[in-house]
Each structure stands twice: as structure tokens, then as C-alpha cells.
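What follows is one structure encoded as C-alpha cells, with my remarks underneath.
The analysis underlying the following values was restricted to heavy atoms, covering all of them including side chains, and did not include hydrogens, waters or symmetry mates. Atoms within each ligand, like the ligands themselves, are counted from 1 in listed order.
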Amino acid sequence: MPRRLGQHFLIRDSILERLALAACGGHTPRVIEIGPGRGALTRHLLPRTDELHALELDAAFVSYLQDKFAAEPKLRVHAADVLATDLTQWGPAVLAGNLPYYITSPIIERFLALDRRFPAAVFLMQWEVAQRILAEPGSRDYGYLTVAARLVCDIELVCKVPPEAFRPPPKVDSAALRFVRRQEIPSGLPELMRFVSRCFAHKRKTLRNNLRPYYGARADRLQEGRLRAEQLSIPEFIRLHAQLDSAEGKL
Ligand code: SAM
């Protein structure tokens, strides 16, 4: 069984159904599925949508899906690398996928960078990555991905999934998360995200030391300068960024 390309196939129908319901609710006009594999999740998504774009990198699965769903007019299978594909061509749409775990974070970051035409996503990922996304300030797991995701989305745990629900079983537990894009997203989001990544550049360093290369003496004068990024709440990141980026704050 090939494990390259993160190929672990979900075999438990009850979980597939929960993922499809979390992604589409009763019905949603269009879905983009990432990594359909042999179409396990695809089969559960199709009854809940009018149009499903499935992006698969493995050419063998692309042909398999084209044969298997030949009579299904709602499904378009694309031979594509999700990280090299412009997803905006299919908006508005919701995203869904049992993700290839070797690229979980970049896929989530791509979803975050989309706009409100992509209001929600349901992704199955490693339990450890889900823990990072759901972490609270002060905990070991709290980091750039936590803050980036929660600046943009409200996030809920759909379910925890044990290795036995897959063939072949992965070495780790998994979790499905539902991301719902917030109505109010802070202005200047790309700059704010860049600021957050600078704050977390070296997790054990203080904010002052991480930010000095970019803000010079201003970083030394920060009241919070002796803290580490993991100690800041999301509103504190927004406030600190606004403070440092104000016109007089620039070097
Ligand atoms: N959805 C199927 C299931 O649940 O049984 C398969 C999920 S499997 C964890 C991940 C799938 O993503 C595989 O089919 C793999 O070939 C595909 N994949 C891996 N890298 C990809 C990429 N960069 N772009 C699109 N699909 C990719």
C-alpha cells in the first residue's frame, strides 16, 4: 500500500458522513475536495452539493476516479497539486479533505489566505496539528499556526479519529476541524500575519529579541518586550502590531 503522498484512506463510514455533514450542512452549492484518493469522502460529499471539484495529485487515482464516477455529472476531477493551484477559480465554495499530512500546514495557510467567497473548510489532520490550532496562550502548542488560524476563523473540533479508522493506519491519532471564516477580519491581515511570524521566529526568545531586527530600539521599549510570543493573546498581537506599525514607530 503506498504511503507516499500521505495516502491513508478513511474507511469508517460514520466518520466520512460526519465530515461531509460538517462541510456541507444539508446542502451547499459547490465544494472543493483536496486529495480525494479513491473517493471515500467524495461519495459522501456528492449528495450534499451541486458541484464538486476534486484535486488529486496521484495520476493513478485521477483515472480511477474518472472511471468510478463516470456517470456523475456533478464531479470534476482535476489532476492537480493543491499547493500549485489557484483555488479562487472555483469560488464561492467550501473546502473539504482528508489531508495529505505532509502538507497540512501549507494547505491550511492557503485556505486562510483566501477571501470570504470561501466561508468554511473541514479538514482531517494529525491530532497534534489540531491541538496546535486549538491551543490557548501560555501552552506549549500555542504558536504561529494557532494565531494565524484564529485571526481568520472560528474553529471547532468535529471529531477525534483513531488510527484504526484508516487503511493503512497512520502512526498518530487524527482530528477533523471545522474552520468558519469570521465576518470581521483585522485590517492589514498579511502584514499582521508577518508580524506574528516574526514574534514566533525563535519560540524561546523574548519578543524584544525577536522583533529588534525589524523595529530596532522601539522593540526595546515595548512594555511586553520581556514576554515570549506564546504568552500573548490574539487581541494583544493585534494591539502590539498596530503600536509598532504606527507612522512614528517605523525605523
Ligand atoms: N480522501 C481520501 C480518503 O479519505 O480515503 C484520501 C486521503 S489521503 C490522506 C490524501 C490524498 O491526497 C491522497 O489521495 C494523495 O494522493 C493526495 N495528495 C497528496 N498530495 C497532494 C497534493 N499536493 N495535491 C493534491 N492531492 C494530494
| message | Cation-pi check for Phe111 against Arg181: NZ or CZ below 6.0 Å from the six-membered ring centre and within 45 degrees of the axis, yes or no? | response |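 Yes, Arg181 and Phe111 form such a contact.
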| said: Need the ligand 1 atom indices (1-based, order shown) with element for anything under 4.0 Å from a heavy-atom of Leu55. | reply: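 Per the distance check, 25 (C), 26 (N).
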| Atom indices of ligand 1, in the order listed, that fall short of 4.0 Å to a heavy atom of Glu33 |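 Every atom of ligand 1 under 4.0 Å from some heavy atom of Glu33: 1 (N).
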Whether [X] lies under 4.0 Å from ligand 1, heavy atom:
{"X": "Gly97", "result": "no"}
{"X": "Leu99", "result": "yes"}
{"X": "Leu83", "result": "no"}

| field | Parallel, tilted or perpendicular, as decided by the 30° and 60° cut-offs, for the rings of Trp90 and His53 | value |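 Parallel, since the angle between the ring planes stays under 30°.
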Sidechain N-carboxylate O distance under 4.0 Å for [X], [Y]:
{"X": "Glu51", "Y": "Arg30", "answer": "yes"}
{"X": "Glu72", "Y": "Arg43", "answer": "no"}
{"X": "Glu17", "Y": "Arg48", "answer": "yes"}

Please say whether [X] places an N or O atom under 3.5 Å from an N or O atom belonging to ligand 1.
{"X": "Leu10", "answer": "yes"}
{"X": "Asn98", "answer": "yes"}
{"X": "Tyr102", "answer": "yes"}

| task | Check each of Ile108, Leu5, Val82 against Ile103 using the side-chain contact (heavy atoms from CB on, under 4.5 Å) test, and report the only one that passes. | result |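 So the option named by the test is Val82.
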| said: Taking the ring of Phe118 and the ring of Phe179, is the distance between their centroids below 6.0 Å? | reply: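 No, too far apart.
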| query | Can you check whether Phe61 and Phe9 have ring centres sitting under 6.0 Å from each other? | reply |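 Here the rings of Phe9 and Phe61 have centres that are less than 6.0 Å from each other.
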| message | For atom 16 (O) of ligand 1, what's the nearest protein heavy-atom neighbour? Residue, atom name and distance, please. | response |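 Nearest protein contact, heavy atoms only, for atom 16 (O) of ligand 1 is Glu56 OE2, 2.6 Å.
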| Looking only at heavy atoms, is any part of Tyr101 under 4.0 Å from ligand 1, and if so is it the side chain, the backbone, or both, or is it neither? |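 Within the 4.0 Å criterion, Tyr101 makes no contact with ligand 1.
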| task | Return the option from Ile34, Leu45, Val82 holding the heavy atom at the smallest distance from atom 24 (N) of ligand 1. | result |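 Answer by nearest heavy atom: Val82.
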